[in-house]
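Read through the structure below, which is laid out as structure tokens, and then see the notes.
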Number of protein chains: 2
Amino acid sequence: MTRNTVSSPPPPASDSIAQALSLAIHEHRLAPGTKLGEGELAEIYGVSRTVIRAALQSLSHTKLVDIRRNKGASVASPSLKEARDVFEARELLEPRTARSAAARATASDIALLERHISDEHAALDASDPGRALYLSGLFHNEIARIADQTTIAGFIETLVARSSLIIALYWRREAALCEKHAHHALVRALADHDATQAEALMRSHLVDLHSALDLRERNARAPSLKAALSQ
Amino acid sequence: MTRNTVSSPPPPASDSIAQALSLAIHEHRLAPGTKLGEGELAEIYGVSRTVIRAALQSLSHTKLVDIRRNKGASVASPSLKEARDVFEARELLEPRTARSAAARATASDIALLERHISDEHAALDASDPGRALYLSGLFHNEIARIADQTTIAGFIETLVARSSLIIALYWRREAALCEKHAHHALVRALADHDATQAEALMRSHLVDLHSALDLRERNARAPSLKAALSQ
DNA sequence: CAATCCTGCATTGTATACAATTATGTGTCC
DNA sequence: GGACACATAATTGTATACAATGCAGGATTG
């Protein structure tokens, strides 16, 4: 039985708080660079700084939060290079994972994926793009889980989370509804156990996503300004 | 300059302690399943449990240490499935990374890799197989670093570390000097910028390593016994 | 004699207190 | 008026104190 995310009787453990913060970052309620003061968070969640520190350290291990000694924690703000790194990693891992998933997907897996898609569309209709993005990430995580490679699935989970930050920073408005049916087509390939097709679709889906970002070098004249402002 | 592992004037930060423990696990001085009591470690390193807890949590994120609520921390003891997962991940990531590294390796990179190899041989001659294993891991990490994909390099680092635990648990004595010249051949391919060859050599090297492990199912009759004893 | 419950000890989880570092705001000097 | 220096406040890092949980040993009872 999975423990519920935030229960009231026992004060929230550090894991719950980390998850809550992670969700807020996923949904773009916490923007990159936002300062995460320990005392402030301790008051919000009604726990001591000890617990907050554990949660923040946990998030820093997944690169969602940036901790600098004596300077505190803030929501991470991936550089251009980091952004490219993350997407290169995704393009290496996820197509292969989709291939494995196609061989193993069961009917209930497919049903769950379709539910994610419809939830995502519902969130979009409700003008909650943050939540839609989060659900879109869940979709990718779910495929990794289906592939039954726990280690790689864990990697993908952190990559998806970091992608959320990257999208917050580098998304181009011009790039429109990119993945309207990309996920649908992927699910169909998985349902058909068409491994090659699933791999190809995942690859092109990620390439689409990648190209919807503006990862060109900029501010060559004042490279330190942006870094200074972002904190 | 890398900060030394345990310095006296400033009390060792949690990172230093995590690194020291990680090294001890790498070198098989700490066996899988070993209990890591907070008080004991606090006394050893002359710091409070606060710092120890941070170090242990850090190690638990890389799966080197297993923390169970109210039960404390122990050196992780990967299951057969985890072991297979880790090596599947390595076989997916590292060949591609070696390919990238071949395109980028500089003369100083090659020199550093060769130094690692000779250090490794020196450790073997000094009958210090634990250190040799650690240096062998450094070799793999170094290649990932050369490829200049920080994210993937980070993944590989954790995979290499976990491999050390897996080797401690599942190494077959029969499997003899597996990689005597595997690393040498790999370095040569990198020096020649022969990407295809580097990728192939890395792949076969990992397959060799994988097949030198005994990852067959066992104890089908009493599956819980081993788990019970390992803690 | 075996199984069970109870008690005491050891260890971990959390909160608080203190120390160290950084950030801020004010006053002075040029 | 601007820049530097110092004092003060706020925040983080570490240690310690207390609470809660788990473990072990022994007594009790059937």
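Order of the sequence lines fixes the chain letters, A, B, ..., with proteins taken first and strands second; residue numbering starts at 1 for each chain. These numbers come from a predicted model, not from an experiment.
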Residues H210(A), R90(A); criterion side-chain hydrogen bond (donor to acceptor under 3.5 Å, both in side chains); working and verdict: CA-CA 10 Å; H210(A) 193 155; R90(A) 291 190 66 170; over 6 Å; no
N/O (side chain, K71(B)) to phosphate O (OP1/OP2, dA10(C)) under 4.0 Å: no
Any K35(A) side-chain nitrogen or oxygen under 4.0 Å from OP1 or OP2 of dT12(D):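 Affirmative; the distance criterion is met.
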Charged N to carboxylate O below 4.0 Å: is that the case for [X] and [Y]?
X: R104(B); Y: D109(B); value: no
X: R162(B); Y: E82(B); value: yes
X: K81(A); Y: D85(A); value: yes

Atom-to-atom span, [atom1] of [X] to [atom2] of [N] - whole angstrom:
X: E40(B); N: dT12(C); atom1: CD; atom2: P; result: 9 Å
X: I52(A); N: dG13(C); atom1: CD1; atom2: P; result: 17 Å
X: Y45(B); N: dT14(D); atom1: OH; atom2: P; result: 16 Å
X: E43(A); N: dT16(C); atom1: CD; atom2: P; result: 13 Å
X: L36(A); N: dT11(D); atom1: CG; atom2: P; result: 13 Å
X: I67(A); N: dT11(D); atom1: CD1; atom2: P; result: 17 Å
X: R53(A); N: dA15(D); atom1: CZ; atom2: P; result: 12 Å

Base dG13(C) to side chain R49(B), donor-acceptor N/O within 3.5 Å cut-off: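 Between dG13(C) and R49(B), which were checked side chain against base, a qualifying N/O pair under 3.5 Å is present.
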Side chain R68(B) and base dG22(D) donor-acceptor under 3.5 Å: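 Such a pair does not exist between side chain and base.
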Ring centre gap for H205(A) and H183(A) strictly below 6.0 Å: yes
Closest-nucleotide 5' rank along DNA chain C - winner of G39(B) and S48(A): G39(B)
Comparing N70(A) and G37(B) on DNA chain C - which has the more 5′ nearest nucleotide: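 The residue mapped nearer the 5' terminus is G37(B).
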Sugar-phosphate only, base, or nothing, as touched by R69(B) at under 4.0 Å among non-hydrogen atoms: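 Contact class for R69(B): sugar-phosphate only.
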